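Written below as structure tokens is the structure these notes are about.
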Number of protein chains: 2
Amino acid sequence: MANRSDTKTRILDAAEKLFAERGFSETSLRLITSKAEVNLASVNYHFGSKKELIRAVLARYLDVFMPVASAEIVRLQASDKNASLNDIFSILVEPLLDLNKVRAEGTSTFLQLLGRGYIESQGHLRWFITTHYGEHLDQFVKAVADSAPHIPPAEMFWRLHFTLGTVVFTMASADALIEIAAADFSEHNNIETVIRKVIPYLSAGVSVPVN
Amino acid sequence: MANRSDTKTRILDAAEKLFAERGFSETSLRLITSKAEVNLASVNYHFGSKKELIRAVLARYLDVFMPVASAEIVRLQASDKNASLNDIFSILVEPLLDLNKVRAEGTSTFLQLLGRGYIESQGHLRWFITTHYGEHLDQFVKAVADSAPHIPPAEMFWRLHFTLGTVVFTMASADALIEIAAADFSEHNNIETVIRKVIPYLSAGVSVPVN
DNA sequence: CTCTATTTTAAACACCCGTTTAAATTAAAC
DNA sequence: GTTTAATTTAAACGGGTGTTTAAAATAGAG
């Protein structure tokens, strides 16, 4: 067996950067392989298809993030039965920032990929995420619902999707927004400060009494 | 001069439907012209390019919506100097729903197009909207800021973008969400009920006190 | 009716895409 | 060192894209 990891990793590293920056369908395999300095055909050799490469890029982050986030929520619920929405959202910040230890710019890249993933390609990515990480997602949804018991389940469904939209859109365009905020308000943000800004916004929206 | 309007309108009608459903880059000119039952080359003849067609599709709605929405906000601010955020967001509902009088499914189509527009094609659409409708947008931003004077401008910048994300993402995937809500909660929504659900969420998030 | 300008049409152009093939190369096993 | 398996490579395949061209058809003006 030859040195399998190197080419594969080079492809994943180049792909995740380009996918996060430009989106999946706007990033061609030829661009990825030229940045990675590997042959075009090696993507299909190692991953089978572009779709599977996309899934592999996301899985590399989700496999790290999801179990940690899940464990943190379990821990929070065990230690504080009346955890607030702010507490629940906030407990995800550290696992998110820890992705910077996995790879440089890991947090920002992961969140942007997640945004792109939900915005583009209705089919296979949603399916991939819900079937592979559904239990973790359910647990998160349940934790949020328990923290806002005055919101009926159907209303909570909508509010969680509003929340998803806020996060996904903000993260997908975070780089541009951070630049504009710096130019217009001399306010120098990074992904962490943006995450900390969005949490109160989300908590307030999710928990606002219905009528 | 020949019957110029028919082909042009057929293209716009087919294009806006397909763009709203599938996004801009996922919709080919060949698909549009076959649905519109016109020749492929007529798009370039009447609009110049695909980009200009996209702008024309959006302009047809924005030209109706923006002046009306603007006038309503002026009217509200004149009649009630202490209009709440809910009031401001709510005053946009009627102009939005009036788009159903312009064309069938007008409201839903317009909002989905707006969502697609902000998600895709970073460059030309943002530029087009801000340069052509910038005054109306500024007025709206100012009205919101006046209604939440306790939020500093830089913070308001971020919250308005969170809001944009919520709206854009929700509207771009509204059809799918309405279906899921019907299946999972036997709750039968349409674009109007979704708009009315999202407004309190947005108002709460935008006005929540910082720290 | 005739002439001119506008519009429609079929065809081709030039380019980019993901994927496949088969040969060349490299690494591992014996 | 030879054989076998894994990997890399260059090239081509088949298909889709937006756009352009030049001829045909249509409509309006004199």
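Everything quoted here is computed from the prediction, not taken from an experiment. A note on names: the letters A, B, ... follow the listed sequences, proteins ahead of strands, and every chain is numbered from 1.
- Between the P atom of C:dT7 and the CD1 atom of B:Ile11 lies a distance of 12 Å, rounded to the nearest Å.
- What separates NE2 of B:His46 from P of C:dT7 is a distance of 6 Å, to the nearest Å.
- Contact between the side-chain N/O atoms of A:Thr7 and the OP1/OP2 oxygens of D:dT7 is not found at any separation under 4.0 Å.
- For residues 187-208 of chain B, the pairs satisfying ring pair (Phe, Tyr, Trp, His ring centres under 6.0 Å) are A:Phe162-B:Tyr201, with sequence neighbours left out.
- Put simply, CD on A:Glu52 is 15 Å from C1' on C:dT20, counting in whole angstrom units.
- In this structure, A:His124 atom NE2 and C:dG18 atom C1' are separated by 13 Å, rounded to whole Å.
- Look at NZ on B:Lys8: it is 11 Å from P on C:dT8, rounded to the nearest Å.
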Under 3.5 Å, N/O pairs linking protein and nucleotides 18-21 of chain D:
{"unit_1": "D:dG18", "atom_1": "OP1", "unit_2": "B:Leu29", "atom_2": "N", "d": "3.4"}
{"unit_1": "D:dG18", "atom_1": "OP1", "unit_2": "B:Lys50", "atom_2": "NZ", "d": "2.9"}
{"unit_1": "D:dG18", "atom_1": "OP2", "unit_2": "B:Leu29", "atom_2": "N", "d": "2.9"}
{"unit_1": "D:dG18", "atom_1": "N7", "unit_2": "B:Arg30", "atom_2": "NH1", "d": "2.8"}
{"unit_1": "D:dG18", "atom_1": "O6", "unit_2": "B:Arg30", "atom_2": "NH2", "d": "2.9"}
{"unit_1": "D:dT19", "atom_1": "OP2", "unit_2": "B:Asn44", "atom_2": "OD1", "d": "3.2"}
{"unit_1": "D:dT19", "atom_1": "OP2", "unit_2": "B:Lys50", "atom_2": "N", "d": "2.9"}

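- In this structure B:Glu179 satisfies the side-chain hydrogen bond (donor to acceptor under 3.5 Å, both in side chains) test with no other residue, sequence neighbours excluded.
- Note on ring orientation: taking the six-membered ring where Trp is involved, the planes of A:Phe185 and B:Phe157 are tilted (angle from 30° to 60°).
- Each of A:Glu26 and A:Asn39 was assigned the nucleotide of DNA chain C with the nearest heavy atom; the assignment lying further toward the 5' end belongs to A:Glu26.
- Taking the side-chain hydrogen bond (donor to acceptor under 3.5 Å, both in side chains) definition, one finds that A:Thr130 meets it with nothing, sequence neighbours left out.
- For A:Glu52, the side-chain hydrogen bond (donor to acceptor under 3.5 Å, both in side chains) test picks out A:Ser49, with sequence neighbours left out.
- Between the CZ atom of B:Arg10 and the C1' atom of C:dT9 there is a distance of 15 Å, given to the nearest Å.
- Rounded to whole Å, the distance from CZ on A:Phe47 to P on C:dT20 is 16 Å.
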Give every donor-acceptor pair under 3.5 Å between a side-chain atom in residues 133-140 of chain A and any protein atom, sequence neighbours left out.
{"unit_1": "A:Tyr133", "atom_1": "OH", "unit_2": "A:Asp63", "atom_2": "OD1", "d": "2.8"}
{"unit_1": "A:Gln139", "atom_1": "OE1", "unit_2": "A:Ser70", "atom_2": "OG", "d": "2.5"}

